[in-house]
2 protein chains.
Amino acid sequence: MDDAAHALAGTSETIAGRLAIAIHEHRLAPGTKLIEDEVSDIFGVSRTVVRAALQKLAHDRLVTIQRNRGASVAEPTIREAREVFEARALLEPRTANSAAMRVTPSDLARLNQHIVEEHAALHAGDLGRALRLSGLFHIEIARIADQDTIYGFITQLVARSSLVIALYWQRRTALCESHAHHALLRALADRDGAQAEDLMKGHLLDLVSSLDLRQKPPGQKSLRDVLLT
Amino acid sequence: MDDAAHALAGTSETIAGRLAIAIHEHRLAPGTKLIEDEVSDIFGVSRTVVRAALQKLAHDRLVTIQRNRGASVAEPTIREAREVFEARALLEPRTANSAAMRVTPSDLARLNQHIVEEHAALHAGDLGRALRLSGLFHIEIARIADQDTIYGFITQLVARSSLVIALYWQRRTALCESHAHHALLRALADRDGAQAEDLMKGHLLDLVSSLDLRQKPPGQKSLRDVLLT
DNA sequence: ATGCAGTGTATTGTATACAATTTGGCGTTC
DNA sequence: GAACGCCAAATTGTATACAATACACTGCAT
């Protein structure tokens, strides 16, 4: 490649992937405007390709597109945040159960690697990467369950969860639930579907309770809150 | 409008909607090729808009896009067909339960109207329209449950179900489950969530058992089946 | 006949040009 | 000084031109 401009050229899929990872790792904050010209310069492609990528992300609710106003990283409302976790509560426990029946040794190895890397990232202070690995753990379980459709739903929900966490996570919950994943891994290794299902259910409940979903997001405090302080 | 060519002009959303309805009503059969130039002529817009519409439909798995080979109406495999109904079984019963708690008189009226219209369409011999109304009944219940995220999932699954039915429905099952919807409506009217949940679970089981998911789809019969008749 | 290479057409992929719309700033007026 | 209207810059929406690819068909050799 002779020109730095298109050092990162790619299809709309790869560009959507890069953006999704950046969002997942909290390097692109909710609300960030995504201007077509800028993005196309960065990746060295035309706006056409970028538009396709943005539309895909919009369909996954990772970005919001308003007609004639462009795209920005989505800012889920409290209501959406609750819905995302309610949907996860509906899908993931049963999926973990199915996964327990089909899991192979290489699956277990991969899951274990996720946990190790997540731990390493945490110690290295790379919170974004730790967060993404934590999400990948859930996605990996869905993949093991071998149900493409549900896998797709969970992938989308995990990505959106990352946005929810960016907006509503209260840092005083420091534990960051790494042993929850450990326990899940053990249940899977034991092929104990019922146990995996219960653990997943509890884990998701822990996750929501580590969020502050009782008031408006930091940036969008209600008028009342602002005026009557 | 002075020109018939763009009598149906619209945005990519409306075009995707038109295509989706046509697919839902089995006026576009699985496998039908969707050529950008043709579609753009029909709706009087440029290929740009049509491409966006097709990509949206592809994301919903109603059409398949292969690079450099274009888009065609999706042909779900048996595996996908099973997955779609497994996902529905995971989501819809609980959703029906939630709907029972929130349903309003006007919701009930609308549901009832769906049933009536479905019946009328059946008697008029318009099977496609009946099928779409039947799907709308399920979607309406999800809407009543007031969970946008799950509503979106169910909408997508119902649309895909229509493709599955086009491919795998065995006509000898004539009943077409109209009283199942009646029973559901009664349970909702009674605000009996548990009953609604059970009915929905059973209804979905009836649906899958009216399909023939044990062999290859009609068009793709295995070589063995063809040769050893 | 069968298989294969080459060629032309049909179709999709991408970039770019232009139109439409929004946004922010500037000056005017009250 | 605040409100309003207007203009310029930035940005998105759509169409179109051109490049790249796949597909069907013909003719040829075996």
Side-chain angles (χ1 to χ4, degrees), chain A residues 1-19 23 28-75 219-220, chain B residues 1-19 23 28-75 219-220:
Chain A
M1 304 218 179
D2 41 15
D3 191 355
H6 46 68
L8 288 177
T11 70
S12 67
E13 299 263 315
T14 69
I15 291 174
R18 299 286 290 243
L19 288 171
I23 292 172
L28 282 175
T32 306
K33 196 125 204 298
L34 300 172
I35 290 161
E36 298 178 356
D37 267 329
E38 286 185 21
V39 181
S40 49
D41 281 349
I42 292 171
F43 289 105
V45 295
S46 78
R47 277 176 52 214
T48 309
V49 181
V50 172
R51 273 178 83 82
L54 291 176
Q55 279 164 7
K56 173 171 163 44
L57 292 174
H59 197 283
D60 288 335
R61 313 262 207 149
L62 260 76
V63 317
T64 308
I65 294 183
Q66 288 174 291
R67 190 178 175 86
N68 286 320
R69 273 182 225 189
S72 33
V73 179
E75 304 177 276
Q220 330 172 352
Chain B
M1 301 226 178
D2 41 15
D3 191 354
H6 46 66
L8 289 176
T11 70
S12 66
E13 300 262 316
T14 70
I15 290 174
R18 300 285 291 242
L19 288 170
I23 293 172
L28 281 175
T32 306
K33 193 122 205 300
L34 300 173
I35 290 163
E36 297 177 357
D37 267 329
E38 286 184 22
V39 181
S40 50
D41 282 349
I42 291 170
F43 289 104
V45 296
S46 78
R47 279 177 50 215
T48 309
V49 181
V50 172
R51 274 179 83 82
L54 291 175
Q55 279 164 8
K56 171 171 164 48
L57 292 174
H59 197 282
D60 287 336
R61 311 261 207 155
L62 261 80
V63 315
T64 308
I65 294 182
Q66 287 174 291
R67 189 178 175 85
N68 287 321
R69 271 183 228 189
S72 32
V73 178
E75 304 177 277
Q220 328 171 356

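Reminder, nothing fancy here: chain letters follow the sequence lines and each chain counts from 1.
- Side-chain nitrogen and oxygen atoms of R51(B) include at least one within less than 4.0 Å of the OP1 or OP2 phosphate oxygen of dG13(C).
- Separating the CZ atom of R47(B) from the C1' atom of dG13(D) is a distance of 17 Å, rounded to the nearest angstrom.
- Between I23(B) and V63(B), the closest side-chain pair of non-hydrogen atoms falls below 4.5 Å.
- Two residues are said to be in side-chain contact when any heavy atoms from C-beta on lie closer than 4.5 Å; L19(A) and L62(A) fail this criterion.
- The CG atom of N68(B) sits 15 Å away from the P atom of dA24(D) (whole-angstrom rounding).
- In terms of phosphate contacts, S46(B) brings no side-chain nitrogen or oxygen within less than 4.0 Å of OP1 or OP2 of dT14(D).
- Here the P atom of nucleotide dT12(D) and the CD atom of Q66(A) are 12 Å apart, to the nearest Å.
- Mapping V49(A) and L34(B) onto DNA chain C by nearest heavy atom places L34(B) closer to the 5' end of the strand.
- Atoms CZ (R69(B)) and P (dT9(C)) sit 22 Å apart, rounded to a whole Å.
- Residues L54(A) and E36(A) have side chains in contact (heavy-atom distance under 4.5 Å, counting atoms from C-beta outward).
- Mapping D37(A) and T48(B) onto DNA chain D by nearest heavy atom places D37(A) closer to the 5' end of the strand.
- Here the C1' atom of nucleotide dT12(D) and the CD atom of E36(A) are 6 Å apart, to the nearest Å.
- Remark: C1' of dT12(C) and NZ of K33(B) are 8 Å apart, rounded to the nearest angstrom.
- Rounded to an integer number of Å, the gap from CZ of R67(A) to C1' of dT22(C) is 13 Å.
- Rounding to whole angstrom units, CD1 of residue I65(A) and P of dG13(D) are separated by 8 Å.
- To the nearest 0.5 Å, the span separating CZ on R51(A) from CD on Q55(B) amounts to 11.0 Å.
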